[in-house]
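I have placed the structure first, in the form of structure tokens, so that the comments after it can refer back to it.
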Amino acid sequence: MTTDKQSGFQLILDFFYSLKLTMLLFIALAVTSIIGTVIPQGSLSPEYLHTISQSRLKLYQNLGFFDMYHSWWFILLLSLLSINLIACSIRRLPGIWKLVSRPVMIMDDVFEKTLSSLTTIEAQGDARIIRNQVDAVLTAEFSDPVITEKDGTFHLFAQKTSWSRLAVYAVHLSVLVIFSGAIIGSLFGYKGFVNIPEGKSIDTVMSRAKKEIGLGFAVRCEKFSIAHYPNGTPKEFKSILTVLENDRPVEGYDGVPVIVNDPLTYKGITFYQSSYGKLGEHEFTLSDPDGSNPQPLRLKSGGSATLPDGSGICLQHTTQDISRFLPGISGPAAQVEVHQANGVTKPFIVYANNPAMNRMNLPYTGGKLLQYRGGEELMYTGLQVAKDPGVWVVWLGCILMLAGIYSAFFMSHRRIWVRIENGTVTVGGHASKNQGGFQLFMEQLTTKLKDQLSKEGSK
Amino acid sequence: MTSSLLFNITTLAYLISMLCFFVHLATRNTQAGAVGSYSAYGGLLVQTVAILLRWKESYDLGMGHAPLSNLYESVVFFAWTIILIFAFVDCKYRYRIIGAFVVPFALFGMAWAQLGLNSGIQPLVPALQSNWLLYHVVTCFLGYAAFAVACGVSIMYLLATRAGLGTEGSRGAILDMFPPARLLDDLNYKAIMVGFPLLTLGIVTGAAWANYAWGTYWSWDPKETWSLIVWFVYAAFLHARLTRGWVGRRAAWLSLVGFAATIFCYLGVNLLLSGLHSYGG
Ligand code: HEM
């Protein structure tokens, strides 16, 4: 019975150790990732909801397809990959570590059969002198050898970049490091946004989950501006921001320009230029056609109100100087739209300095004279706000991964053994990669050795 | 002299190169092969000048930016990287015939760009105004180009080892000129070995840029996700090869799948899916 239990356990272990699982997970992750690129993620647009049946919607919701990269099964795949990675490394690493830390330093008759490169050189003379010569050549051409003497035979061993054997594990470790950075970020960081009108300051932001988060300091928007290319497309969106602690500007954070691709970071919280809009308050008056009995009417930019006769009025654009658009007329003006009770919509312009033209609109405003009095218009800047204490861990992981991949692919662990006995020098070599190149190197090395030894021999 | 004239000359050079390689393939004429290589090199040179000239022209127009900002410019750059990598392989291995399977990718790109895409120099939208654009796009496309070369030699491998064609007698004239299958298999692996680190670097620089510009290094936008899919496919290729000994036809097929995913990541995402990356669709 115990054997059964053991083998069941062993089966599970083998499953986690297996490279088959790794491949399966790579493919599974690749295939399932496609789902999220064809099904919309996050909040669903009304257009999309029209195109999908109710039962399909339910199914997708239950499977987490609308936020699939955070769904339980996607996280499960990533967790399995991590477990697989850890399990395999635990199993293999000790062997590799031994190879690196305690290399085979003596090439005997059995071991030499396993080597791809093997040459023998005849060399007469004192073994000690030969040993010193081989030592010198190896040191000059390759690296410092370790010398062992065993039963009157000298063994030399030299190696290069043995640590490259560990590179694969550095790559694997880096995956785990990146995952932990992402976890730290999601536990201790947040993403949010905030709108700041020009001249105003805020000390809280709204998180993606619609929660208010205190910053611990305040940010004021001094100004927002847009620059254009000659053809009219936007060139730059710029906010001038000031960080305030206890209502005082912080030195070095006073009037900092923030543009797309150039954010502001303070105390680990970063503010990114993301959107903008207009805010404003506008004054109108409604009076009898001759101007008597004026009543004020206030409208916000883009706002609406109800006129005395029950029709709705909507403010669309304003300018403080109409002469730019209508030469010959001056002063402020506003473009409004009236929605009459009978369903007719009528857009027109209301002037500040031109009662005569305003009187032409009397039929649309229930016989009242509507006049624009001017207003104040200001921009607000929309900022993305992010705090991510895990991001440095992620970068560390990325650097480790890149360095690891580079060494795993392009660095070769090269080893050379030399045995000196009874007038023969046997040279063996092994490379973990680029065998062709190493073969060439070994040929050159043995030629040098032969030269050196025969030179000494003829003396 | 304008860059657009030079790009037309480039396209012509790649066309000549491809035709010569086809003649070389069909007739075993070695001179044709040589002309194929030299036209490709000449085209590469002209294209290099053209890209630099276009860069300068954008400054003359007052919007100065590297020519990597829309679909047209990226397709042109992709063609350039493919020929660049082909030139390395050609100089190193001297099997001209490989050109017949790699140059068409570059020619197709140039022809499509010149005939089908809007080639006007446009001002750079604020979202792309960053040096990261350069690092990100250059590394990604060098990676893609290495995968294109891997795909080309994989097609050759699959042709060369098709059942019935393996035996010496029936190999036929064309296959006689192919490099040995073992070399093709090795080239497939080597190209992916170069492309994979470049793709990784491309993804990392993209993440670094996204973090710098938007505050998130990863937002699962379709382009990011597809680049990860490509990465998984080639990671699977490498693991299958390094630890399970997947070589030969299976490796060649995986390489084709990987390049199909690469092309979808590059074009399919831009043209079919929407997201933060769909520049100049
Ligand atoms: C990118 C470069 C990578 C290279 C060159 C690489 C290389 C290797 C090699 C050579 C092995 C066999 C190890 C051995 O036999 O001791 C291996 C195993 C493995 N790799 Fe990777 N790897 C890479 C990336 C990754 C990544 C990104 C993951 C996962 C996210 C991963 C997951 C695994 C797993 C789970 C194994 C264990 C299989 C086993 O030992 O049986 N590898 N890898």
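In what follows, chains are A, B, ... by sequence order, proteins preceding strands, each numbered from 1. For the numbers below, each heavy atom of this structure counts, side chains included, while hydrogens, waters and symmetry mates do not.
Crowding of A:Trp73 atom CH2: a count of heavy atoms from other residues, nucleotides or ligands under 6.0 Å exceeding 12. A:Tyr190 OH: more than 12 foreign heavy atoms inside a 6.0 Å radius.
Heavy-atom distances place the side chain of B:Trp209, and not its backbone, under 4.5 Å from chain A. Of the atoms belonging to B:Ala208, heavy atoms from both backbone and side chain fall under 4.5 Å from chain A. For A:Leu29, the parts sitting under 4.5 Å from any heavy atom of chain B are the backbone and the side chain alike. The part of A:Ala386 that comes within reach of chain B is its side chain, from C-beta onward, which places non-hydrogen atoms under 4.5 angstrom from that chain. At a 4.5 Å heavy-atom cutoff, A:Val385 makes no contact with chain B through either its backbone or its side chain. A:Thr270 does not touch chain B: none of its heavy atoms, backbone or side chain, sits under 4.5 Å away. Within the 4.5 angstrom heavy-atom criterion, no atom of B:Leu228 approaches chain A. Looking at A:Ile399, there are no atoms closer than 4.5 Å to chain B (heavy atoms on both sides), in backbone or side chain.
When A:Lys235, A:Gln384, A:Glu236 are compared by the number of non-hydrogen pairs under 4.5 Å with chain B, A:Lys235 comes out ahead. Chain A forms the most heavy-atom pairs under 4.5 Å with one residue out of B:Val233, B:Val204, B:Val194, and that residue is B:Val204.
Taking the six-membered ring for Trp and thresholds of 30 and 60 degrees, B:Phe237 and B:Tyr189 have nearly parallel ring planes, at less than 30 degrees apart.
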A:Lys433 vs A:Phe410, test: side-chain contact (heavy atoms from CB on, under 4.5 Å). Steps then yes/no. CA-CA 8 Å; A:Lys433 271 180 235 95; A:Phe410 302 110; over 6 Å; no
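Salt-bridge check for B:Asp186 with B:Arg182: failed, with every basic side-chain N at 4.0 Å or more from each acidic carboxylate O.
Using modelled atom types, one finds a donor on one side chain and an acceptor on the other under 3.5 Å when comparing A:Asp262 with B:Tyr212. Between the side chains of B:Ser255 and B:Tyr157, no donor-acceptor pair is found at a separation under 3.5 Å.
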